[in-house]
A.B. asks: 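First the structure, then my questions, so here it is.
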Amino acid sequence: MIMAYDPGKIEPSWQEYWRTQNTFVAEDGGGKPKYYVLDMFPYPSGNGLHVGHPEGYTATDIVSRFKRMNGFNVLHPMGWDSFGLPAENHAIKTGTHPRETTTKNIANFKRQLMMLGFSYDWDREVATSDPDYYRWTQWIFTQLYKQGLAYEGEMAVNWCPALGTVLANEEVKDGLSEIGGHEVVRKPMKQWMLKITAYAQRLLDDLEGLDWPEYIKDLQRNWIGRSDGAEVDFTIQGGEGTDHEKLRVFTTRPDTLFGATYMVLSPEHPWVGGLTTDEQRGAVEAYLAEAAGKSERDRQIAKEKTGVFCGSFAINPATGKPIPIWIADYVMMGYGTGAIMAVPGQDERDWEFAEKFDLPIIRTVQIPDGWEGKAYTDDGPAMNSDFLDGMGVAEAKAKMTAWLVDRGLGEHKINFKLRDWLFSRQRYWGEPFPMLKLADGTVRIMEADELPLILPEVEKYEPAGTGEGPLATISEWMELTDPVSGQAAVRESNTMPQWAGSCWYYLRYIDPRNDKAAWDPEKEKYWLPVDLYLGGTEHAVLHLLYARFWHKVLFDLGLVSTCEPFKKLRNQGMILGENGEKMSKSRGNVVNPDDVIADHGADSLRLFLMFLGPLERDKPWNAKGIEGIRRFLDRAWRLFFDDETDELLPQVKNVEPDETALKILHKTIDAVTTMTEELRFNTAISQMMVFVNEMSQAAVRPRSVLEQFVLLLAPYAPHWSEEVWRRLGHQDTVAFETWPTAEARYLVEDMITVVVQVNGKVRDQIEISADAQKDAVLAQAVGAEKVQQWLKGKEIVKQIYVPGKLVSLVVR
RNA sequence: GCCGGGAUGGCGGAAUUGGUAGACGCAAGGGACUUAAAAUCCCUCGAAGCGUUGCUUCGUGCCGGUUCGAUCCCGGCUCCCGGCACCA
């Protein structure tokens, strides 16, 4: 009978061991330094895991195990982002309560994660849809409310008729809903908003100190979109005494004011009616009707600029000349003041509009020689601009801003693209808002001891259709008498978006069973910040910006001790299908981890996912490739054990290791240590393969050397390592063994191969002793037989020696 | 259009304070063992050429530059991926 490495047998038993021994339960405190390793928790979908999930989870698991072996107290939790649309859509279709679906899916996800041997502290598991959890989500909302950071506003929102809900700007892509790709229209509705804009500058500034990928920081910077400029007042001709005397615009180019030849109002601008003259009223109304009928998508794909003259004029404060006021939908109400001064000479959009409607164009920045474009937006000396002439853009901006401020015509102004966060959804499966709208028109926010406000049972999960969610249909829940004020009251029928629960789950993990507070401040001080946070790029702006915002609010309230939650962030790439395309059911290229584990075991899957390529890159799956990894584990096993007898091989001996064995061992320790620290798991595994290849050749395998290797492999293939460790006679888990140290003296070679180049081409190699001096090496290089052939009849004009690397001879 | 990132054998990928390009794995080919196959082990494996145990030339998307020497630095392109997109 063949007794070879059998993951199907050893893996479940070690998982059982870790579970019953509470191996990975984290202590809150103690003498060791702490290390908090966090995965972006999953939405437990009905499809279960696909191989993409374990990629990131394996990476963090390796780090967690590596840190434990390096003496850290590691917090490595897992939980569920369990509110959300798919379970609700399933409920609409089948009538199954989302709670039921979610519970079932969580069980399946957890089973699959368990099978991968991750070292999570499952005692800290949380689910955002659990009342014990969302109680505190609601509580944090009340804190935001009390800070004036939550408000109800009537505003144009992204209404998605197909989904029956409004969406945040972040959830709309190309005018379509990110989920499902449905049409989205702008519609004014009363909605709860969170004032994330109040934190725009800090969200921008604090990116600086974070160890995050630069491109993620850039995405956030662009999203926040700070721009420096000025607000300028334009006097309306004939506006004296009315409520629209001065029209205020925002511009980033105050230096071009002399070139402002017309103005544009957004169609939604409140002054449109007041500024429209009787002659123009018909045309304007027709235009407004047309603009209102456009969906977001229409508006974005429209190639030609449209607009209409409103009949009124404003005075350009720099030139004193009247300029016409137009209405056009290329100006957005949501940014700046919803009105602009148009400077066609220096703005491509304005140029296009001016050309189409035959409006004057004045260049106020000199164009460079040979300029063939239209609007010129780059730097250059000012012209046609009176006191600004000759100045560069930066100087002219400053000068003009000062000039405006002096005369009371405007002021310096910073604008952000970031908008307030639309925080309500017309959905059932989310956190109810902890508030009562009282008969006297006031709002009473619920206190901590009244929470959680439990999500009521409902008969139908469909949105009410009126723009209200399903909760609106349960009058016995909606309507009540407020026990505090005694007034009649109604609840809020909206629920919070899925992002709410994920905004603070990393905080709940540090104290998950606390029923007196969301977390204990002492524990928070101990565990935070998160030392390593790993997840997909898709959350670069949404989740990561929202969570940073909440964290800063909590910081200002003294509830957390750091101003940023996630010190170091890394993104894992996607695992693509074998055909190089994104994995999806419809493409039929989905790989199920259950199958892979059944064939080759979790350790092979873990190793292979890491071996595929750099963590952050997208990589295609390869069914043959995992067989190669399996072979590696088989061979590593056979370094120790006889497949026939299951006994330790006679080659494995308790002997003093020789120089060769020590060299390969320490080289491997050195490489695996640094590469694991740098999350370069693919190359760490390569080095372990090299070790196994070399040791397989060795007639004698010193036991001490092999044992060190088992430790190196332990974070990567934990079941394999536990089993081998135990069979080598150790009683304890390998999880807390001390990580091996590379000894420098085994990393240096006595004899070094040095390359000899002649005129930049490699011509020979010479062996030198490690301590050979420059002159000796050069002499040996010049004397080498093959080199001599290339030196024949030539004169050496330059000799370069890179110590230990190469000799370069330049000849003529 | 703007902002990122990327391009290396048949494939996934190694190698950067500028120093032997192709580690490691997959695939492929050959051999050993076997009645046979699987498994295992050994060998070959960027391209072309030649006087073929070896040597030469070319070769890291394209074109140039710096350098004794460039996958790496600089300038100019092409293509692919991601993000943003009338944000004044």
Side-chain angles (χ1 to χ4, degrees), chain A residues 2 4 173-174 213-223 225-227 229 249-253 256 260 263-264 266 299-300 302-303 305 328-332 334-343 346-350 352-353 415-419 537-538 540-541 573-574 580 607-608 611-614 616-629 631-632 634-635 638 643 671 680 682-690 692-693 696-697 753-765 786 789 796-811:
Chain A
I2 302 291
K173 286 233 145 44
D174 299 325
E214 211 37 57
Y215 81 100
I216 297 281
K217 292 194 198 178
D218 268 341
L219 287 178
Q220 293 217 349
R221 286 189 195 106
N222 290 338
W223 191 265
R226 181 190 149 117
S227 51
V249 301
F250 172 72
T251 177
T252 54
R253 294 293 302 273
T256 63
M263 302 187 79
V264 183
S266 160
R299 209 169 164 162
Q300 285 187 9
K303 54 254 156 252
K305 294 238 175 326
D329 68 2
Y330 81 92
V331 173
M332 310 288 132
Y335 185 76
T337 64
I340 61 155
M341 63 179 216
V343 190
Q346 277 76 233
D347 185 288
E348 283 160 10
R349 297 152 300 179
D350 295 344
E352 199 191 318
F353 193 83
N415 255 318
F416 295 94
K417 276 200 257 185
L418 184 71
R419 315 285 170 80
T537 327
E538 66 273 20
V541 284
M574 258 186 305
L607 277 168
F608 184 55
F611 185 67
L612 230 33
E616 64 281 1
R617 277 238 278 271
D618 292 350
K619 306 157 282 260
W621 178 260
N622 180 327
K624 282 285 183 192
I626 192 160
E627 292 174 23
I629 286 288
R631 276 197 281 274
F632 162 66
D634 285 339
R635 282 171 54 189
R638 286 197 298 269
D643 278 354
R680 293 162 59 208
N682 54 331
T683 51
I685 295 167
S686 291
Q687 183 57 43
M688 290 191 272
M689 288 173 166
V690 171
V692 169
N693 291 346
S696 299
Q697 307 295 320
T753 306
V754 164
V755 165
V756 185
Q757 295 185 346
V758 179
N759 282 352
K761 288 201 161 131
V762 178
R763 295 305 181 191
D764 201 4
Q765 301 177 1
K786 282 189 203 157
Q789 293 171 21
I796 299 177
V797 294
K798 197 169 174 185
Q799 306 182 49
I800 296 149
Y801 176 49
V802 182
K805 288 269 169 79
L806 66 61
V807 171
S808 185
L809 304 171
V810 186
V811 301

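Hydrogens, waters and symmetry mates are skipped; everything else that's a heavy atom, side chains included, is used. Numbers restart at 1 for each chain; the letters A, B, ... are given by sequence-line order, proteins then strands.
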A.B. asks: Surrounding CD of A:E348 (heavy atoms of other residues, nucleotides or ligands, distance under 6.0 Å), is the total greater than 12?
C.D. replies: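 At most 12 heavy atoms, drawn from other residues, nucleotides or ligands, come within 6.0 Å of this atom.
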A.B. asks: Round to a whole Å and report the spacing from NZ of A:K624 to P of B:G25.
C.D. replies: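 Rounded to whole Å, this separation is 17 Å.
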A.B. asks: Taking the side chain of A:K761 as heavy atoms from C-beta outward, which of B:G83, B:C24, B:C58 is closest to it?
C.D. replies: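 Nucleotide nearest to A:K761's side chain: B:C58.
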A.B. asks: Syn versus anti for B:G9, judged by chi lying within 90° of 0?
C.D. replies: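 Here the answer is syn: the torsion falls within 90° of 0.
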A.B. asks: Base, sugar-phosphate or nothing for A:Y215? Non-hydrogen atoms, less than 4.0 Å.
C.D. replies: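 Result for A:Y215 = sugar-phosphate.
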A.B. asks: When we call it a touch if two heavy atoms are under 4.0 Å apart, what does A:T252 touch: a base, just sugar-phosphate, or nothing?
C.D. replies: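 Counting heavy atoms under 4.0 Å across all strands, the contact made by A:T252 is with sugar-phosphate only.
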A.B. asks: Tell me whether A:R631 is salt-bridged to A:D634, with the criterion being a basic N under 4.0 Å from an acidic carboxylate O.
C.D. replies: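 The answer is no: the pair does not qualify as a salt bridge.
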A.B. asks: Over all strands shown, is A:S696 touching base, sugar-phosphate only, or nothing at heavy-atom distances under 4.0 angstrom?
C.D. replies: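 No contact.
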A.B. asks: Is any side-chain N or O of A:K417 under 3.5 Å from a base N or O of B:C84, one able to act as donor and the other as acceptor?
C.D. replies: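 It does not, because no donor-acceptor pair links the side chain of A:K417 to the base of B:C84 below 3.5 Å.
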A.B. asks: For A:G760 and A:R635, find the nucleotide of RNA chain B closest to each by heavy atoms; which residue's nucleotide sits nearer the 5' end?
C.D. replies: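 That would be A:R635.
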A.B. asks: Under a 3.5 Å cut-off for both distances, is B:C2 Watson-Crick or wobble paired, and to whom?
C.D. replies: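 The answer is B:G83, by the H-bond criterion.
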A.B. asks: Which part of the nucleic acid does A:N415 contact within heavy-atom distance under 4.0 Å: base, sugar-phosphate only, or nothing?
C.D. replies: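 Touches nothing.
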A.B. asks: Quick one: is A:R763 getting a side-chain N or O under 4.0 Å of the B:C55 phosphate, OP1 or OP2?
C.D. replies: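 It does not, given that no N or O in the side chain of A:R763 lies less than 4.0 Å from OP1 or OP2 of B:C55.
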A.B. asks: Within the 4.0 Å heavy-atom criterion, would you say A:K786 contacts the bases, only the backbone, or no part of the nucleic acid?
C.D. replies: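 Sugar-phosphate: the residue A:K786, judged by heavy atoms under 4.0 Å, touches backbone atoms but no base.
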A.B. asks: Would you mind telling me which of B:C68, B:A15, B:C24 lies closest to the side-chain atoms of A:R680?
C.D. replies: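 The answer is B:A15.
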A.B. asks: Starting at atom CG of A:D643, determine the distance to atom C1' of B:A39, rounded to an integer number of angstrom.
C.D. replies: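 That distance rounds to 10 Å.
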A.B. asks: Under 4.0 Å between any heavy atoms, over every strand shown, what does A:N693 touch: base, sugar-phosphate, or nothing? Just pick one.
C.D. replies: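 It contacts sugar-phosphate atoms only.
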A.B. asks: What is the pairing partner of B:C41, taking Watson-Crick or G-U wobble pairs with both distances under 3.5 Å in any strand?
C.D. replies: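 Base partner found: B:G31.
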A.B. asks: How are the rings of A:Y330 and A:F353 set relative to one another: parallel (under 30°), tilted (30 to 60°) or perpendicular (over 60°)?
C.D. replies: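 Aromatic pair A:Y330/A:F353 classed tilted.
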A.B. asks: If pairing requires Watson-Crick or G-U wobble contacts with both distances under 3.5 Å, which nucleotide is the partner of B:A21?
C.D. replies: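 B:A21 is paired with nothing.
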A.B. asks: Any base atoms under 4.0 Å from A:G225, or only sugar-phosphate, or nothing? Heavy atoms, all strands.
C.D. replies: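 The answer is nothing, as A:G225 stays clear of every strand by at least 4.0 Å.
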A.B. asks: Please determine if a side-chain N or O atom of A:R617 lies less than 4.0 Å away from the OP1 or OP2 oxygen of B:C81.
C.D. replies: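 Checking A:R617 against B:C81: no side-chain N or O falls below 4.0 Å of OP1 or OP2.
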A.B. asks: Quickly work out the A:D347 CG to B:C86 P distance and round it to whole Å.
C.D. replies: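 Result: 13 Å.
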A.B. asks: Considering Watson-Crick and G-U wobble pairs with both distances under 3.5 Å, what does B:A14 pair with?
C.D. replies: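 Partner of B:A14: none.
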A.B. asks: With respect to the phosphate group of B:G13, does any side-chain polar atom (N or O) of A:S686 fall under 4.0 Å of OP1 or OP2?
C.D. replies: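 Checking B:G13 against A:S686, no side-chain N or O comes under 4.0 Å of OP1 or OP2.
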A.B. asks: Would a distance-only check, ignoring hydrogens and angles, find a side-chain to backbone donor-acceptor pair under 3.5 Å from A:N759 to A:V811?
C.D. replies: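 The answer is yes, because a donor-acceptor pair under 3.5 Å joins these two groups.
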A.B. asks: Within the 4.0 Å heavy-atom criterion, would you say A:L806 contacts the bases, only the backbone, or no part of the nucleic acid?
C.D. replies: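 Base contact.
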A.B. asks: Mind checking A:V690 for me? I need base, sugar-phosphate or nothing, with any heavy atom below 4.0 Å counting as a touch.
C.D. replies: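 Sugar-phosphate: the residue A:V690, judged by heavy atoms under 4.0 Å, touches backbone atoms but no base.
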A.B. asks: Across the strands shown, which category fits A:E538 at heavy-atom distances under 4.0 angstrom: base, sugar-phosphate, nothing?
C.D. replies: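 Answer is nothing: A:E538 stays at 4.0 Å or more from every strand.
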A.B. asks: Counting any heavy atom closer than 4.0 Å, what does A:Q765 reach on the DNA or RNA strands: base, sugar-phosphate only, or nothing?
C.D. replies: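 A:Q765: base contact, heavy atoms under 4.0 Å.
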A.B. asks: Can a side chain N or O of A:K619 be found less than 4.0 Å away from OP1 or OP2 on B:G12?
C.D. replies: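 For B:G12, neither OP1 nor OP2 has a side-chain N or O of A:K619 closer than 4.0 Å.
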A.B. asks: Name the residue closer to the 5' end of RNA chain B, choosing between A:N622 and A:G613 according to the nucleotide with the nearest heavy atom.
C.D. replies: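 Closer to the 5' end of RNA chain B: A:G613.
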A.B. asks: Give a yes/no on whether any side-chain N or O of A:R631 is located under 4.0 angstrom from OP1 or OP2 of B:A39.
C.D. replies: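 It does not, given that no N or O in the side chain of A:R631 lies less than 4.0 Å from OP1 or OP2 of B:A39.
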A.B. asks: Judged by atom type as modelled, is there a donor-acceptor pair below 3.5 Å linking the side chain of A:N415 to the main-chain atoms of A:S227?
C.D. replies: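 Side chain of A:N415 to backbone of A:S227: no pair is present.
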A.B. asks: Base, sugar-phosphate, or nothing for A:L219, non-hydrogen atoms under 4.0 angstrom?
C.D. replies: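 Counting heavy atoms under 4.0 Å across all strands, the contact made by A:L219 is with sugar-phosphate only.
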